[in-house]
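In what follows, a structure is listed as C-alpha cells, so that the remarks can point back to it.
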2 protein chains.
Amino acid sequence: MAAEKLDTEIRREQIAEAALQLLGTHGIRQLSVAAVAEQVGLVPSAIYRHFEGKEEVLGAVLELIGERLMANVEAVCREWTGSLERLERLLDRHVQLIRENQAIPRVMFSDEMAGGDSRRKAKTYETIRTYLRGVAKIVRQGQKAGEIRSDVQADAIAMLFVGIIQPGAVLWHLSDGQFDITRHAKRTWRLYRDAIVA
Amino acid sequence: MAAEKLDTEIRREQIAEAALQLLGTHGIRQLSVAAVAEQVGLVPSAIYRHFEGKEEVLGAVLELIGERLMANVEAVCREWTGSLERLERLLDRHVQLIRENQAIPRVMFSDEMAGGDSRRKAKTYETIRTYLRGVAKIVRQGQKAGEIRSDVQADAIAMLFVGIIQPGAVLWHLSDGQFDITRHAKRTWRLYRDAIVA
DNA sequence: GCCGATTGTGAATCTATATTCACAACAGGA
DNA sequence: TCCTGTTGTGAATATAGATTCACAATCGGC
C-alpha cells in the first residue's frame, strides 16, 4: 500500500525525527535506513527522495538536536530574568528534553556521529560549543549582576552545568529508566548552585 | 609472512588493547575485525582463534576499561589519606587515562557498546556503577571525617565528580586535541571542591 | 481533463564485513 | 624424532544493509 505523498520538507523532518527516535532506543549500529523508513511508514528507497544518503540523515538529526537545545536556552532567557533561575529552569528543561529523547546526550557526547566523515565531527563540536556559549552567556550576566562568583571563568561554569546531567543521563539510559534522572538533577543542582553563587 | 605464534592469553590482551586504541581514533562504526587484526599484526580470521567473534572482543574492551578505572581508584586510596586529596588525584589520573585512551569516555558514556546484545548494556551499566561506588566510598569517608559536606548524598557527589570530566573529554576529542582538557579539569576542580567541602 | 514534476515502490545491485574452513607452520611433550 | 594440539593464513562464504533504477501513483498548474 502506497504511503501518502507529502512534501519533501515535511518528509525531511519526519525522517530526522524518526532517526532521532531510533537512535534513542537502539544505538547507532542498529540505525539502518530500512528502520528509519519503516518508522516513517515508507519504503527504504523512498528515503533517497529526500536525502542524499544515510550520512545526510545523520546530519539532519544533529541539526534537529542543536535546534532543540538552543530553543531551551532561548525559552529560559525569555521567561526568567535572574541567572540562577534561568540555569535552574534550563536544567529542568534539559532533563525533560533528554527524557523525551534519549538519543540526545548519547549523540552529542559520544561522537557516535563523528564516525562518518570528519565534517560531522566538526559540526558536532560546533553544536555543543554553541549550546555551551548560550549557557556561558547566562553565567556571565549572572557574574555581572553579582549573583554568580566571578573568580572562575564562565566557560568552566557552563561546562560543569552540562556535567550535572551527562553522567546521570547515561545511567538512566543504561538502566532502562531505573535510575531516576529527575531526582538526580534536583540533588545535584543544590551542589552546583552552592558552588557557583557569589 | 606468518606472525609469531603467541599464547592465546597474550593475544586476547593484545586484541582488546588494539580494539580500545582503534575505538579511540575512529568510532565504533569503523571498528572492524580486519582493522583490529591489522593493528595486532594478524590476519582477520586469526581473531577467531582467540575470540568467539566481534561481540566478545567488545566485551573484553569493556572489561579492560573497567580494570583501568578501578586501578586508579585503588591507587589514590593507597597513596593518599585525605578524601579531598584522593579525589583531586583521582581527577588527575582520570584525565591522564583519558588522554591516553580517548575511547574510554566515549565507550563508557555513550553506549556505543550497548548496541549489540543487552547483556553488554547491563555490563556497561555495572562497570560505571562500580566506578561510581569507588568514588562514593571515598566521599563517604570524607563525610565521616568532616572534610566533605554531609547534607548531600555521596552518590550525587560522586556523579558530579564524573561530570567534571565528561563534557571536557568529549570536547577534547571532538576538537582533535585543541580543547585543553587538563586545564579544564584544574579549573573545574576548584569549583567542585568548593561545592563539596564541609 | 492533460502534462510535467514530485514522491512512493519493489526488485536488483553492490559493497563492506563478519565468519567459516581446510590447510600450513610451529611448539612442546613423549 | 614423532605426534598432537595450538596458532596463523588465505580463500570462500554469508549476510546485512546502503544505494540505484525503472516504473507507478499522485499532485498542482494549465
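Computed over heavy atoms, backbone and side chain alike; hydrogens, waters and symmetry mates excluded. We name chains A, B, ... by the order of the sequence lines, and we start the count at 1 in each one.
Residue Lys54(A) places its side chain closer to dA18(D) than to any other of dG10(C), dT7(D), dA18(D). In the set dG8(C), dT9(C), dG10(D), dG8(C) carries the atom at the smallest distance from any side-chain atom of Arg49(A).
For Gly53(A) and Val43(B), each mapped to the nucleotide of DNA chain D holding its nearest heavy atom, the one lying further toward the 5' end belongs to Val43(B).
Looking at heavy-atom distances under 4.0 Å, Ile47(A) makes no contact with the nucleic acid at all. If you check every strand for non-hydrogen atoms under 4.0 Å, Ser32(A) touches sugar and phosphate atoms only. Within the 4.0 angstrom heavy-atom criterion, only backbone atoms of the sugar-phosphate kind lie near Ala34(B); the bases stay farther away.
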**Study point:** Working for salt bridge (charged side-chain N to carboxylate O under 4.0 Å, His left out), residues Lys123(A) and Glu63(A)
**Key:** CA-CA 9 Å; Lys123(A) 194 173 174 186; Glu63(A) 195 87 31; 2.7 Å; yes
Point to revise | Tyr125(B) vs His173(A), ring-ring contact (aromatic ring centres under 6.0 Å, His included): CA-CA, chis, key distance, verdict | key: CA-CA 9 Å; Tyr125(B) 184 54; His173(A) 175 261; over 10 Å; no
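Leu42(A) places its CG atom 17 Å from the P atom of dA25(D), with the value rounded to the nearest Å. If you take CD of Glu55(A) and P of dG17(D), they are 16 Å apart, rounded to a whole angstrom. For the pair Leu31(A) CG and dA16(D) P, the computed distance is 17 Å after rounding to whole Å. As a whole-Å value, the separation of Tyr48(A) OH from dT19(D) P is 4 Å.
In this pair, Phe161(B) and Trp189(B) present their aromatic rings perpendicular. The plane angle is above 60°, beyond the 30 to 60° band.
With rounding to the nearest 0.5 angstrom, the CG atom of Leu97(B) is 12.0 Å from the CD atom of Gln102(B). Separation of atoms OG1 (Thr188(B)) and CZ (Arg193(B)) is listed at 14.5 Å; rounding is to 0.5 Å.
A 6.0 Å sphere centred on CD of Glu79(A) holds more than 12 heavy atoms belonging to other residues, nucleotides or ligands.
With hydrogens and angles left out, the side chain of Ser45(A) and the base of dG8(C) share no donor-acceptor pair within 3.5 Å.
Of the residues in residues 4-16 of chain B, those lying under 4.0 Å from DNA chain D by heavy-atom distance are Glu4(B), Lys5(B), Leu6(B), Asp7(B), Thr8(B), Arg11(B).
Taking the ring centre of Trp80(B) as origin, the terminal cationic atom of Arg86(B) falls outside the region bounded by 6.0 Å and 45° from the ring axis.
Remark: His50(B) is not in phosphate contact with dT6(D), judged by side-chain N or O atoms under 4.0 Å from OP1 or OP2.
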